[in-house]
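In what follows, a structure is listed as structure tokens, so that the remarks can point back to it.
These numbers come from a predicted model, not from an experiment.
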Amino acid sequence: MELDTYRLLGRSGLRVSPLSLGTMTFGTDWGWGADEAESRRIFDAYVDRGGNFVDTASQYTGGTSERLVGRFAKDRRDRLVLATKYSMASRPGDPNSGGNHRKSMVNSVEQSLRRLDTDYIDLLYLHAWDFTTPVEEVLRGLDDLVRSGKVLYAGISDTPAWQVSRMQAIADLRGWAPLVALQVEYSLAQRTTERDLIPMAREMGLGVVPWSPLASGVLTGKYTRADLDHGGGEGEVTGTRKNVAAANGALTEHALDIADTVRDVAAEMGRTPSQVAIAWTLLNPGVTAPIIGARTLAQLEDNLGALEVTFTDDQRAALEKVSEIELGFPHDFLNMPMPRGVIFGGARIEPRA
């Protein structure tokens with residue numbers, strides 16, 4: 001597989017690369033990102049190798065990420081799929097400067113268009129569910145933006161599966177723009193999305209775009225047990241990458257156990273842990289394009305090597321054993337012999353692919 005081995009995004013006809021370039025690292029505003037020159041090298045290397053799927057958000061590095069992406073994309077805008085997100089508050093103390101409602105949505109899109117220096121956004125995600133805005137308001141607002149031509153496709157991120165499926169059904173029934181992409185955390189260290197979110201996305205026609213396939217860097221092997229004495233982080237994206245990993249719950253004893261197995265498999269394959277961890281997410285048939293967020297050109301080039309990784313059955317089994325989760329009810333129950341026997345009467349039924 002190469003970056004120009006394009007995939008369809010969900011049930012849309014949009015073609016995207018199998019790895020998306022995350023640009024939360026573009027800009028030094030948060031204390032740990034890449035400066036403009038290094039960000040440019042990362043962007044150019046990704047695009048020059050055929051990559052076309054670039055991910056940002058309205059408030060990544062305080063808006064610097066979007067401004068840099070707009071600057072770098074200027075001469076090749078139409079060949080790129082630019083994805084951004086809305087929901088993050090832009091003015092502290094202003095209750096309407098963030099959230100999922102129409103005022104926040106429209107204001108954020110207008111700001112993103114200016115920062116990206118473009119007439120349209122290819123893919124607009126709702127960034128995170130706020131548990132307050134009516135779904136009809138969100139869906140109709142997204143549909144209006146699509147009809148206006150300012151947004152081409154709609155997606156959603158960090159939202160419960162039951163809410164996403166409900167929204168997709170409403171959009172279908174009312175003839176509104178459907179959701180074509182679902183962005184969720186997914187990695188060997190965070191597999192709970194396998195319970196409902198990823199199966200729901202496959203059923204409802206959303207392409208899954210995993211964020212943090214390296215578990216905030218934990219799966220690269222950069223942290224040790226000594227780093228567990230972090231006090232839980234400060235709940236901020238600023239400071240250091242270690243602070244971010246601690247604050248979002250990625251830096252744990254269990255995650256380090258998984259990282260040890262990733263390292264062992266990587267050594268056996270002659271690959272890096274980053275390549276193994278990213279490549280593993282691509283094994284899931286529901287996944288379209290994991291997001292890679294490099295801070296240096298060397299990190300990007302290493303991450304792109306994930307497209308060349310091939311696992312043996314034993315290697316895959318080792319990774320999945322150390323990271324396995326319980327699917328919980330009703331999944332585990334329905335896979336037990338008794339309910340399956342009652343349902344199928346002893347007949348052997350192959351599940352759908």
Side-chain angles (χ1 to χ4, degrees), residues 9 14 16-17 19-47 51-92 94 96-100 102-128 141-142 145-146 148-158 181 183 209 211-212 236-238 244 289 291-296 300:
L9 183 61
L14 189 64
V16 297
S17 293
L19 293 177
S20 174
L21 178 64
T23 65
M24 192 169 75
T25 55
F26 282 18
T28 58
D29 308 61
W30 287 349
W32 45 263
D35 61 22
E36 181 171 350
E38 187 69 3
S39 298
R40 182 71 192 236
R41 284 190 285 270
I42 293 169
F43 186 93
D44 287 347
Y46 173 79
V47 175
N52 74 341
F53 196 14
V54 181
D55 184 87
T56 184
S58 60
Q59 293 302 311
Y60 280 173
T61 52
T64 296
S65 174
E66 284 190 328
R67 281 189 287 271
L68 292 179
V69 168
R71 197 172 302 161
F72 302 158
K74 186 72 173 175
D75 297 331
R76 40 196 166 182
R77 170 66 187 93
D78 288 341
R79 66 158 295 183
L80 299 175
V81 176
L82 298 187
T84 192
K85 313 175 194 73
Y86 89 97
S87 294
M88 298 174 72
S90 58
R91 294 180 298 278
D94 180 352
N96 286 317
S97 73
N100 302 154
R102 185 187 285 262
K103 182 176 176 65
S104 169
M105 180 193 300
V106 172
N107 183 58
S108 183
V109 165
E110 293 296 341
Q111 291 184 35
S112 291
L113 289 170
R114 287 193 290 270
R115 285 192 290 260
L116 290 167
D117 193 19
T118 186
D119 296 326
Y120 66 98
I121 294 164
D122 293 285
L123 174 62
L124 176 69
Y125 291 98
L126 180 151
H127 202 156
L142 291 170
L145 287 170
V146 171
S148 74
K150 292 183 178 181
V151 171
L152 302 188
Y153 296 93
I156 193 163
S157 173
D158 302 344
Q183 196 170 129
V209 182
W211 58 266
S212 200
E236 300 287 343
V237 295
T238 56
V244 175
I291 298 171
I292 52 175
R295 190 172 50 83
T296 66
L300 173 74

Hey, could you give me the [atom1]/[atom2] distance between [X] and [Y], rounded to the nearest 0.5 Å?
X      : Y      : atom1 : atom2 : result
Leu142 : Arg102 : CG    : CZ    : 9.5 Å
Leu68  : Thr61  : CG    : OG1   : 7.0 Å
Ser97  : Asn107 : OG    : CG    : 8.5 Å
Gln59  : Thr64  : CD    : OG1   : 10.0 Å
Leu152 : Leu123 : CG    : CG    : 9.0 Å
Ser39  : Arg295 : OG    : CZ    : 11.0 Å

side-chain hydrogen bond (donor to acceptor under 3.5 Å, both in side chains) for Asn100 and Ser87? Distances and angles first, verdict last. CA-CA 5 Å; Asn100 302 154; Ser87 294; 2.9 Å; yes
Would Asp35 and Arg41 pass as an ion pair if we require N to O under 4.0 Å? no
Taking atom types as modelled, is there a side-chain donor on [X] or [Y] under 3.5 Å from an acceptor on the other?
X      : Y      : value
Arg77  : Thr118 : yes
Ser65  : Thr23  : yes
Tyr125 : Asp158 : no
Thr56  : Glu66  : no
Asp55  : Trp211 : no

What I'd like to find out is whether the side chain of [X] reaches to under 4.5 Å of the side chain of [Y], using heavy atoms alone.
X      : Y      : value
His127 : Gln183 : no
Leu145 : Val109 : yes
Ile121 : Lys150 : no
Leu124 : Lys85  : no
Phe26  : Val69  : yes
Val151 : Tyr120 : no

Phe72 vs Phe43 aromatic rings, parallel, tilted or perpendicular, using cut-offs 30° and 60°? tilted
List the steps and the verdict of side-chain contact (heavy atoms from CB on, under 4.5 Å) for Leu14 and Tyr153. CA-CA 9 Å; Leu14 189 64; Tyr153 296 93; 3.8 Å; yes
State, to 0.1 Å, how close [X] and [Y] come at their nearest heavy-atom pair, and which atoms those are.
X      : Y      : result
Arg71  : Arg40  : O-NH1, 4.3 Å
Ala73  : Leu82  : CB-CD1, 4.5 Å
Ala45  : Leu300 : CB-CD2, 3.8 Å
Gln111 : Ser90  : NE2-OG, 4.3 Å
Leu80  : Gly51  : CD2-O, 4.1 Å
Tyr86  : Ser104 : CD1-OG, 3.9 Å

Between Val209, Leu21, Leu19, Val54, which is the residue that forms a side chain to side chain contact (heavy atoms under 4.5 Å, CB included) with Ile291? Val209
Could you check whether atom CG of Asp94 has more than 12 heavy atoms from other residues, nucleotides or ligands sitting under 6.0 Å from it? yes
Is there a donor-acceptor pair closer than 3.5 Å between any side-chain N or O of Asn52 and the backbone N or O of Ser17? yes
Hey, is the main chain of Phe53 close enough, under 3.5 Å, to the side chain of Tyr46 for a donor-acceptor pair? yes
Evaluate Trp32 against Thr25 for side-chain contact (heavy atoms from CB on, under 4.5 Å), listing each step before the verdict. CA-CA 7 Å; Trp32 45 263; Thr25 55; 3.9 Å; yes
